[in-house]
Number of protein chains: 2
Amino acid sequence: MADITRRERLRAETEREIRQRARALLIEHGREAVTLRAIARELGITAPALYRYYDSREHLLRQVCDDICADMAEGLAKDLSQLPEEDTLGRVFAVCRGFRRWALAHPEEFALVFASPKPALGFNPCDAVPPIRDQFGNIFMTVAGRVLSTHKLATPAEQDVPKELHDDLLVFRDALLETLASNGIAVSTEVLDLGTVYFMLRFWIRLYGQVALEVFGRSPLTTASLEPMFELMLRELATEVGLLT
Amino acid sequence: MADITRRERLRAETEREIRQRARALLIEHGREAVTLRAIARELGITAPALYRYYDSREHLLRQVCDDICADMAEGLAKDLSQLPEEDTLGRVFAVCRGFRRWALAHPEEFALVFASPKPALGFNPCDAVPPIRDQFGNIFMTVAGRVLSTHKLATPAEQDVPKELHDDLLVFRDALLETLASNGIAVSTEVLDLGTVYFMLRFWIRLYGQVALEVFGRSPLTTASLEPMFELMLRELATEVGLLT
DNA sequence: CAACATTAGTAAACACCGTTTACCCAGCTG
DNA sequence: CAGCTGGGTAAACGGTGTTTACTAATGTTG
């Protein structure tokens with residue numbers, strides 16, 4: 001007999017459909033429209049039935065966050081599959097562009113996963129922060145790590161890194177090394193020195209910052225897309241560490 | 001007799017208290033907790049009574065946004081009053097630091113006003129975007145304008161500004177000039193050239209971006225504050241245009 | 001196979017929500 | 001004084017998350 005019973009298969013199927021409908025509602029009508037009754041209505045059951053699958057609406061939303069991250073990560077992975085392994089910098093850029101494109105195309109999902117005030121979702125959405133452990137962070141760190149293992153970066157000297165950040169940067173570095181190791185990327189601690197980790201933090205701040213600004217429409221420009229500035233930012237950061245000239 | 005009748009005075013008073021209570025709920029228990037019934041309960045009336053003051057919860061929230069902006073602007077103005085008029089750059093830094101400090105101290109309010117997906121509040125919160133017309137934008141642009149009118153900036157050359165942005169930057173410049181004029185600051189169009197406006201946009205993107213990242217806790221650092229990086233960013237941007245060495 | 005246990009679903013209820021309606025009554029105005 | 005205006009009320013409607021008790025179907029076991 002199969003390992004999974006008929007019941008288990010059905011359960012997994014409806015569980016999948018629940019989150020799928022929840023996401024559809026989120027995308028089409030915003031966060032507030034993701035209602036247990038609305039979800040239940042769409043799959044022809046009643047709201048309390050959903051409690052057989054999730055402890056509460058909060059828990060359901062958290063799982064939806066996971067799905068969202070997984071989906072975005074899948075899209076990014078597909079983008080990456082089109083690029084040669086050797087083009088390490090191109091792959092970093094691809095991930096950054098993919099993140100931006102995804103965020104602009106899915107503003108409600110971005111807001112839910114990446115821009116909710118901390119305790120708004122019970123706890124951290126998708127256990128993402130801190131440090132970045134979600135699937136996006138995973139991909140981002142992986143492609144970045146590949147650059148580190150193949151290029152010598154002109155990163156800031158240790159004495160230029162603010163002392164107040166040293167301890168936390170070292171913690172971050174350990175998480176980074178662990179993530180890279182689990183993805184089969186070996187990076188020596190000499191390569192991943194304090195300045196390099198610091199630069200990665202700077203990179204992420206700039207990346208996240210511009211994307212958030214665009215998603216939330218806080219640009220003072222009325223019509224134009226900020227894509228040119230995004231591209232320039234990428235080039236600027238890459239140039240800063242000598243990856244572009 | 002006074003211009004305002006007794007009734008009008010009472011009305012204005014409860015109106016004020018409504019928004020005050022709404023803000024208290026927002027701060028203490030998050031956006032979802034700002035319910036009409038909770039507000040009414042706190043001032044000892046019933047929920048439908050609120051409809052004598054606001055058309056709907058949406059409209060009330062919008063007004064609350066205005067209050068929030070006004071309050072922050074007031075705080076910034078107070079900070080500025082401690083600084084000499086001549087220290088134009090110091091005043092810009094003070095506004096940036098004040099914005100960051102306020103945002104970190106009021107994450108729910110920041111999320112509501114500065115990071116809600118576009119149509120989440122019926123329309124734009126506080127008519128703020130685009131272009132930046134809210135009270136914060138006003139102050140920010142004013143102190144920045146004062147720098148422009150007293151310093152020669154080494155801003156990007158016109159050919160270094162992405163062509164796709166030219167039209168929108170010119171629109172933004174007009175709004176900027178109007179704002180500055182209405183605050184008694186005369187800046188010639190030669191000074192406020194395309195490169196300068198472009199730099200201001202870059203400045204705002206960086207500023208908003210890091211603040212949003214900090215408020216939403218998306219830093220991969222577990223405990224340390226990113227204040228040192230904020231300070232470095234300010235110095236970096238100022239150095240870029242020759243305001244610091 | 002029969003008996004039992006587990007489980008996905010239900011209906012009903014509770015407390016809360018935004019909003020509308022009809023009504024009341026104090027205070028101002030002619 | 002009569003009448004209007006406007007801030008308040010209670011009641012109701014349909015919606016929400018969640019709990020409870022129950023049913024019926026599935027899976028397991030003697």
*Nearest-Å distance, OH (A:Y54) to C1' (D:dT18)?*
17 Å

*May I ask you to decide if A:T223's main-chain N or O and B:D168's side chain share a donor-acceptor pair within less than 3.5 Å?*
yes

*Starting from C1' on D:dC22, measure out to OH on A:Y51 and report it in whole angstrom.*
19 Å

*Sequence-aligned protein contact record of nucleotides 23-30 of chain C, with B where the base is within under 4.0 Å of a protein heavy atom and S where only the sugar-phosphate is*: B----S--

*With a 4.0 Å cut-off on heavy atoms, is B:R57 in touch with a base, just the backbone sugar-phosphate, or nothing at all?*
sugar-phosphate

*Please work out which residues in residues 20-29 of chain B have a non-hydrogen atom less than 4.0 Å from an atom of DNA chain D and list them by number.*
none

*By side chain to side chain donor-acceptor pair (under 3.5 Å), which residues pair with A:E231, not counting sequence neighbours?*
A:R97

*asked:* Can you list, in residue-number order, the parts of residues 38-50 of chain B that come under 4.0 Å of DNA chain D, counting heavy atoms only?
replied: B:G44, B:I45, B:T46, B:P48, B:A49

*Residues two or more places apart in sequence or in another chain: which of them pass salt bridge (Lys or Arg N to Asp or Glu O under 4.0 Å) with A:R206?*
A:E236

*Phosphate-side-chain proximity, A:T35 and D:dG15, N/O vs OP1/OP2 below 4.0 Å*: no

*Please state whether the phosphate of C:dG9, meaning OP1 or OP2, lies under 4.0 angstrom from any side-chain nitrogen or oxygen of A:Y53.*
yes

*asked:* Using the salt bridge (Lys or Arg N to Asp or Glu O under 4.0 Å) criterion, which residues pair with A:D174? Sequence neighbours excluded.
replied: none

*For the residue pair A:F136 and A:F99, categorise the inter-ring angle as parallel (less than 30°), tilted (30 to 60°) or perpendicular (more than 60°).*
parallel

_Presence of donor-acceptor pair under 3.5 Å, side chain of B:R11 and base of D:dG7_ = no

*Using atom CD of B:E8 as one end and atom P of D:dT5 as the other, report the distance to the nearest whole Å.*
15 Å

_Ring-plane angle category for B:F114 and B:W102, please: parallel below 30°, perpendicular beyond 60°, tilted otherwise._
perpendicular

